[in-house]
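Presented below is the structure to which this report refers.
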2 protein chains.
Amino acid sequence: MATERKIDRVKQLLTEYLDQKELRKTPERFAILEEIYQKEGHFDADALYIAMRNRNFRVSKATIYNTLEVLLDCQLIKRHQFGENLALYEKSYGFKQHDHLICADCNKIMEFCDPRVHIIQQMIEGFYNFKITDHSLNFYGKCMNKGCQEKDNVR
Amino acid sequence: MATERKIDRVKQLLTEYLDQKELRKTPERFAILEEIYQKEGHFDADALYIAMRNRNFRVSKATIYNTLEVLLDCQLIKRHQFGENLALYEKSYGFKQHDHLICADCNKIMEFCDPRVHIIQQMIEGFYNFKITDHSLNFYGKCMNKGCQEKDNVR
DNA sequence: ATATTTGCAAAGAGTTTGCATCATA
DNA sequence: TATGATGCAAACTCTTTGCAAATAT
């Protein structure tokens, strides 16, 4: 799906969600959603805040955090804690659940998907009678970059 | 291995590490290590700080954080970010790498181990030419507790 | 009309840092 | 005795909160 059409689709999904929850359809919420769906990769709350200003759409940090919460709740974005204390977000509509490879040296984040994660999930679910709704799998190490593999810093 | 003997063993490992890195063998470092190896489960920096005071061994927060860093570096403990912004730690000597099941309702953390995680790791390592040193796999959902499964709060 | 959402700034939680003092090597 | 470690408090970062003003319904 082209980026344009995807943006229309997620705006529609947000509209439906806000209607259903009887929340208000403010311009801020749609502008933030639009910004997020034009971004690639992971971003933090502050980067989003700066990006909105650069676009000449001024929103407060409070609104950024409030909106991220709304978008998380309707599953249009995902939040990750890759370590450290900085939450990173990414758009999630039209992306299949994926996992991450994180380089301890250059901090590059790569994505992969392995169907066996789901198999493990199902087995665990049955064994512990746990209703699993989500997962995160991160591998930490050194990426293919020669410079990274040579240094001996760790996570 | 009995807890007593395990504590002696990890103290010895810490001694060797400090010698090798030419760091000082301060009483604080050993007392904190001892406290950690008498604990069960996960703890945060503040809980450790309180526990040390209750034991009548006064250390500052700065020393707690400094020591946690040292213990992470010599792999006697592990740090987890299960979501939110609170780092949790756990002792790691004599425990095989394990993964976590986290209840979104009661926040209970359970542990499991599935050998297929390693298989995925090896495949990813080969495919991306990534040298993986560590991983974290968390499943989020509702635990077997009936009260938890009924409520519809999410992560 | 009215209740939610916003913006701002202040508060809060967790962690890190600067510096004088202490103590290990 | 000299350098690394500690304690304390202040600083810092990220996030949340309180409240008055704005605005969606």
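Chain letters run A, B, ... following the sequence lines, proteins first and then strands; every chain starts at 1. Both backbone and side-chain heavy atoms feed into the values below; hydrogens, waters and symmetry mates do not.
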Taking only N and O in the side chain of A:T26, is any of them less than 4.0 Å away from OP1 or OP2 of C:dT6?
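The answer is yes; a side-chain N or O of A:T26 sits under 4.0 Å from OP1 or OP2.
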Compare side-chain N and O positions of B:R29 against OP1 and OP2 of D:dA5 and report whether any pair is under 4.0 Å apart.
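For D:dA5, OP1/OP2 do have a side-chain N/O of B:R29 under 4.0 Å.
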Tell me whether A:K11 forms a cation-pi arrangement with A:F30, defined as NZ or CZ under 6.0 Å from the six-membered ring centre and within 45 degrees of its axis.
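A:K11 over A:F30 ring: no.
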If I take atom [atom1] in residue [X] and atom [atom2] in nucleotide [N], what distance separates them, rounded to the nearest angstrom?
{"X": "A:F30", "N": "D:dT23", "atom1": "CZ", "atom2": "P", "value": "17 Å"}
{"X": "B:F43", "N": "C:dG14", "atom1": "CZ", "atom2": "C1'", "value": "16 Å"}
{"X": "B:L48", "N": "C:dG14", "atom1": "CG", "atom2": "C1'", "value": "14 Å"}
{"X": "A:Y49", "N": "C:dT6", "atom1": "OH", "atom2": "P", "value": "14 Å"}
{"X": "B:L71", "N": "D:dA5", "atom1": "CG", "atom2": "P", "value": "13 Å"}
{"X": "B:L23", "N": "D:dA2", "atom1": "CG", "atom2": "C1'", "value": "16 Å"}
{"X": "A:F57", "N": "C:dT5", "atom1": "CZ", "atom2": "P", "value": "15 Å"}
{"X": "B:E28", "N": "C:dT24", "atom1": "CD", "atom2": "C1'", "value": "11 Å"}

Mark up nucleotides 12-18 of chain D, 5' to 3', with B wherever a protein heavy atom is under 4.0 angstrom from a base atom, S wherever such an atom reaches only the sugar-phosphate, and - elsewhere.
--SBBB-
Given DNA chain D, 5'-ward residue of the pair B:R58 and B:R24, judged by closest heavy atom
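Closest to the 5' end, via its nearest nucleotide, is B:R24.
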Distance only, no hydrogens: is a donor on one side chain within 3.5 Å (strictly under) of an acceptor on the other, for B:E16 and B:Q12?
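Yes - a donor-acceptor pair under 3.5 Å links their side chains.
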When you compare the side chain of A:Q97 with that of A:V117, does any pair of heavy atoms fall below 4.5 Å?
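A:V117 does not reach A:Q97 side chain to side chain.
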So if I apply the side-chain contact (heavy atoms from CB on, under 4.5 Å) rule between A:C103 and each of A:L101, A:N107, A:D105, which one comes out positive?
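Only match with A:C103 under side-chain contact (heavy atoms from CB on, under 4.5 Å): A:D105.
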Mapping B:K25 and B:L88 onto DNA chain C by nearest heavy atom, which one lands closer to the 5' end?
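Its nearest nucleotide lies further toward 5', so the answer is B:L88.
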Taking the six-membered ring for Trp, are the ring centroids of A:F139 and A:F112 within less than 6.0 Å of each other?
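Yes: the rings meet the under 6.0 Å criterion.
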Sub-3.5 Å donor-acceptor pair from the side chain of B:Y89 to the main-chain atoms of B:L72, do we have one?
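Absent.
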Considering every strand and a 4.0 Å limit on heavy-atom distances, what is the contact class for A:E22: base, sugar-phosphate, or nothing?
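Answer is nothing: A:E22 stays at 4.0 Å or more from every strand.
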Between atom CD1 of B:I77 and atom CG of B:L88, what is the distance when rounded to the nearest 0.5 Å?
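B:I77 CD1 to B:L88 CG: 11.5 Å, rounded to 0.5 Å.
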